[in-house]
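Right, one structure below, let's go through it.
Small disclaimer: the values here were computed from a predicted structure and weren't measured.
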Amino acid sequence: MKAPIISLQGVHKYYGDCEPRLHVLKGIDLDVAEGEYVSITGTSGSGKSTLLNLLGCLDNTSNGAYLLNGRDVSLYSDDELSKIRNEDIGFIFQSFNLIPQLTVFENVQVPLLYGARSIAATTDLCHEVIDSVGLSDRSEHRPTQLSGGECQRVAIARALINDPVLLLADEPTGNLDSTTGEEVLALIDDLHQQGRSVVMITHDPEVANRSQRRVDLRDGIIVEEGAA
Amino acid sequence: MISQKHLELVRMGLRSLVGYPMRTVLTMLGVVFGVGSVIAMLALGAGAERELLKEIGRLGIQNIIINSIKPEVQDTSNQRSNWISSYGITFKDHRQIVDTIPGIEKALPVHVSKKTVWQGSKRVEGTLYAVTPEHLDMFQLNTSVGRNLTHLDDEKLSRVCVVRSGMLKELGIYQDPIGFGLNIDKETFYIVGVLKDDSFLGYARKALSVDAKSSEIYVPYSSALRRHGTRSITRRSGSSEATDVELNQVVISVTDLDQVLVTARMLGSLLERNHPEKDYELVVPLEVLSQRQKTQQVFNIALVAIASISLLVGGIGIANIMLATVTERTKEIGVRRALGARRRHIIAQFLTETTTISTIGGGVGVLVGIGLVQVLTFFTGWSAAITLSSVALSLSISMAVGIVSGIYPARRAAGLDPISALRHE
């Protein structure tokens, strides 16, 4: 078996400083192998958003280790986590989260602004990535001029620009109708086929069924884990 | 490489400013008017200073002027017995100054007397200035018509004079004035030249005891003294007053500029010895100039301080709008943070935006200031000078205002928790 890209070991997450603290994640153990496509399901309040924040390095664990690509990031500083988010994680959000005043091309460029590579050297790369999601004729448009499905494809292009080790999708079809949702899911399937590791959070069982493995979360613990 | 990335950040910062043009313009407005008023104030200050230089500089900063003045305390009993009041600088003083004070290039005597001037049946009150030819050169009294007084006029005791053009009008001389004879105290002086009409201004006029009516008549020193003497009688509504002033004025030119103040002190002690009663004044343009410049500087600082208040208000305006923007753009900040922006990137982004606003505002403010100065000078006739240094100063201040006013909003933005910022709607 390949070395896991994600390894959560006894992860706890509390919120609040004073007792009784809100205990959201109660000992999560989870491994995701390289190239694997995992979906995390659960009702609201099950802790899946918290888990997503931890996996996306937006937050630190309260207890336990989080190994991303072999590095324990649970004790990383804010700047170090920013670097990890920039280089190793590609976010796909439910509400796309494109920056409205920037063009498609510039939105895809945003992660590059915070990385080490020069902007000039990556112009071709941006065009390539935009092309790969089928939006090359839209690269000078604003997000408000695009449909929801197109916006999500721009977001996926943005997530891919730094060639991350992990794609992290949070209800990627939640704001889309079924047809465009299907297109976006097909695109994610393609990316998985190309060997990308994908973790997707969803409440929709049908969407979850497309993944290789389902992890069901309830009240902060994994209650069910198995092939979809 | 870093600079190129920074340019990209600036470009994206500009994008969000262009995205909300109305808000950007309104945010800028405070700085625009702040800088505009600073520019205008500095320009007016510089103009006043230039005017001052022109005014006092015309006296010649290498010169020292001694004026005879009527002593303030008059002994009435003495006046009754001796009806001629006699005071002021004497020929003896003049001789002593020339003989004993070192470093003097020239010491030009001037005798001034009020005279009634007749031309045909026209009558004008004039002031007769008996001066040496150098006097006219020293104060740049150039003729526009005819010639100036010469040494030959002085030697030959010629009855010639140089007048102001204003006097010609009063006398009703509208044709070529050269050769016209003016009757002054039973003597006829013939006009040989008319002075250019740039009279002395403000302080210079006072220091040279020239009145505002520009009714000066310049005659050769020796001619006037030989013909009229030093006594002068002024009739005023029945009573008459006679004065005997040997010299009304001595203009001293010092060879070395560094020695002006020393020479002035020596002159002061010489005159103090000769005149127990203080019936003279010592005018040192150099001293007056530096005093006036100091006053002007204080005034300038006060003006700019007042103008800076509007700049401060402009800065507060930017900070205020930027704070509102931070709230409005919380989501964007969260997205950027999720995509790998560090805190300092967010700070840099907001500082870039505020600095861009304030610098462009400063640039526009400079133009507004220049316009304001044009309008002010047009309507008030004040003198103004826009200096390069004032433009550079205002631009750098406005840049600094942008940075300072951006710090708090930028830190607020950078301090947002990325998770809650992302969830913000």
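Note: A:His127 and A:Phe105 meet the aromatic proximity criterion, with ring centroids under 6.0 Å apart.
Atoms CD1 and CZ, on A:Ile84 and A:Arg71 in that order, are 3.5 Å from each other to the nearest 0.5 Å. Between the CG atom in A:Leu125 and the CG atom in A:Asp131 there is a gap of 12.0 Å [rounded to 0.5 Å].
Looking at A:Ala121, neither its backbone nor its side chain comes within 4.5 Å of chain B, counting heavy atoms on both sides. Residue contact with chain A, scored on non-hydrogen atoms closer than 4.5 Å, involves the side chain of B:Arg329 exclusively. For A:Leu112, the part lying near chain B is the backbone, with the side chain staying farther off; criterion is any non-hydrogen pair under 4.5 Å. Only the side chain of A:Ile99 has a heavy atom closer than 4.5 Å to any heavy atom of chain B. Neither the backbone nor the side chain of A:Glu87 has a heavy atom closer than 4.5 Å to any heavy atom of chain B. Residue A:Asp78 touches chain B through its side chain alone, counting heavy-atom pairs closer than 4.5 Å. Only the side chain of A:Asn53 comes within contact range of chain B, with heavy atoms under 4.5 Å apart. With a threshold of 4.5 angstrom between heavy atoms, A:Ser95 approaches chain B through side-chain atoms but not through N, CA, C or O.
By the 6.0 Å and 45° rule, B:Arg411 does not stack over the aromatic ring of B:Tyr408.
Atom NE2 of B:His345 has more than 12 heavy atoms from other residues, nucleotides or ligands within 6.0 Å.
A donor-acceptor pair under 3.5 Å is formed between the side chain of A:Lys48 and the backbone N or O of A:Gly42.
Most heavy-atom pairs under 4.5 Å with chain A: of the set B:Arg337, B:Lys331, B:Glu332, this distinction falls to B:Arg337. Heavy-atom pairs under 4.5 Å with chain B were tallied for A:Asp59, A:Asn162, A:Leu81, A:Asn97; the largest tally goes to A:Asn97.
Using a 4.5 Å heavy-atom cutoff, the side chains of A:Pro164 and A:Arg196 are in contact.
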